[in-house]
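Single-structure report; data block below.
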Amino acid sequence: AVAVVGAGGSIGQALSVLLARDAGRLILLGNPSHPLESRERLLQVAGRIVWELRAVAEFQPGSIASWVAELDFDLPARPDRASLMRLGEELIRRTGAVAISVDANSHLPEVDVVVCCTSTTERLIPEDKLRRPALARAGSRPSNAADPEQHSRPRACAPSRRARRVHGGRVASALAG
């Protein structure tokens, strides 16, 4: 499973859509300070995954994109907030491959990869909550992951642009380095 902290933001949403081509399970995590607004935004992100991947031909077997290709979603001519939320609810209900939450700590132990895409200065990914082994990558500045000076894990940097494999699923090179 892959968790995207800050999935309701523009970078988190774009990354979630990209990851859905390869990931078999996505956990979209929003801002716990605004749970109702976050739920709506995360449902829209889940709906955006369906909308953006509706005609994608290249994806990994068993990925969320493969579910989108297999299932017959009732797509609107032009998506709006309400239709994206409806698509997101349908994707979650019919596949179980996408989850939404504002409680990151309860989901961190079950994921293989965590990507943080927020603008907060708080540390949002405490190392003691992560599963072992897990890849934690902060896509934001300042970093929201545990302080690198205190890391007991290997650094999550790759010397090349090749994709890395984690538990049988492909991790995009943007996550690895």
Between [X] and [Y], what is the shortest heavy-atom contact and its length?
{"X": "A7", "Y": "V45", "result": "O-CG2, 3.3 Å"}
{"X": "V111", "Y": "A3", "result": "CG1-CB, 3.9 Å"}
{"X": "A97", "Y": "G24", "result": "CB-O, 3.5 Å"}
{"X": "T118", "Y": "G6", "result": "CG2-CA, 3.8 Å"}
{"X": "F59", "Y": "A65", "result": "CB-CB, 3.6 Å"}
{"X": "S83", "Y": "R78", "result": "OG-O, 4.3 Å"}

Q.
Applying side-chain contact (heavy atoms from CB on, under 4.5 Å) to V102 and R39, what does each step give before you reach the verdict?
A. CA-CA 8 Å; V102 295; R39 180 182 185 281; over 6 Å; no
A side-chain contact here means heavy atoms from C-beta on lying under 4.5 Å apart; do [X] and [Y] qualify?
{"X": "E110", "Y": "R25", "result": "yes"}
{"X": "L87", "Y": "P79", "result": "no"}
{"X": "I49", "Y": "L26", "result": "yes"}

Q.
Just checking R21: does its CZ atom have more than 12 heavy atoms from other residues, nucleotides or ligands closer to it than 6.0 angstrom?
A.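 Incorrect, the count does not exceed 12.
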Q.
Would you say that more than 12 heavy atoms from the other residues, nucleotides or ligands in this model lie under 6.0 Å from the CZ of R54, or not?
A. yes
Treating Ile, Leu, Val, Met, Phe, Trp and Tyr as nodes and any side-chain heavy-atom pair under 4.5 angstrom as an edge, say whether [X] and [Y] lie in one connected cluster.
{"X": "M85", "Y": "F73", "value": "yes"}
{"X": "L28", "Y": "I92", "value": "yes"}
{"X": "W51", "Y": "V56", "value": "yes"}

Let me confirm one number: the [atom1]-[atom2] distance from [X] to [Y], rounded to the nearest 0.5 Å.
{"X": "W67", "Y": "L53", "atom1": "CH2", "atom2": "CG", "value": "15.0 Å"}
{"X": "L42", "Y": "L29", "atom1": "CG", "atom2": "CG", "value": "7.5 Å"}
{"X": "S16", "Y": "I64", "atom1": "OG", "atom2": "CD1", "value": "9.0 Å"}
{"X": "R86", "Y": "L75", "atom1": "CZ", "atom2": "CG", "value": "7.5 Å"}
{"X": "D72", "Y": "R94", "atom1": "CG", "atom2": "CZ", "value": "7.0 Å"}
{"X": "Q13", "Y": "Q44", "atom1": "CD", "atom2": "CD", "value": "8.0 Å"}

(Q) Under a 3.5 Å distance rule, please check whether S38 uses its side chain to pair with a backbone N or O of N31 as donor and acceptor. (A)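 Yes, because the side chain of S38 sits within donor-acceptor range (under 3.5 Å) of the backbone of N31.
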Q) Which of these, L91, L84, T95, sits in a side chain to side chain contact (heavy atoms under 4.5 Å, CB included) with V50? A)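 Only one of L91, L84, T95 forms a side chain to side chain contact (heavy atoms under 4.5 Å, CB included) with V50, namely L91.
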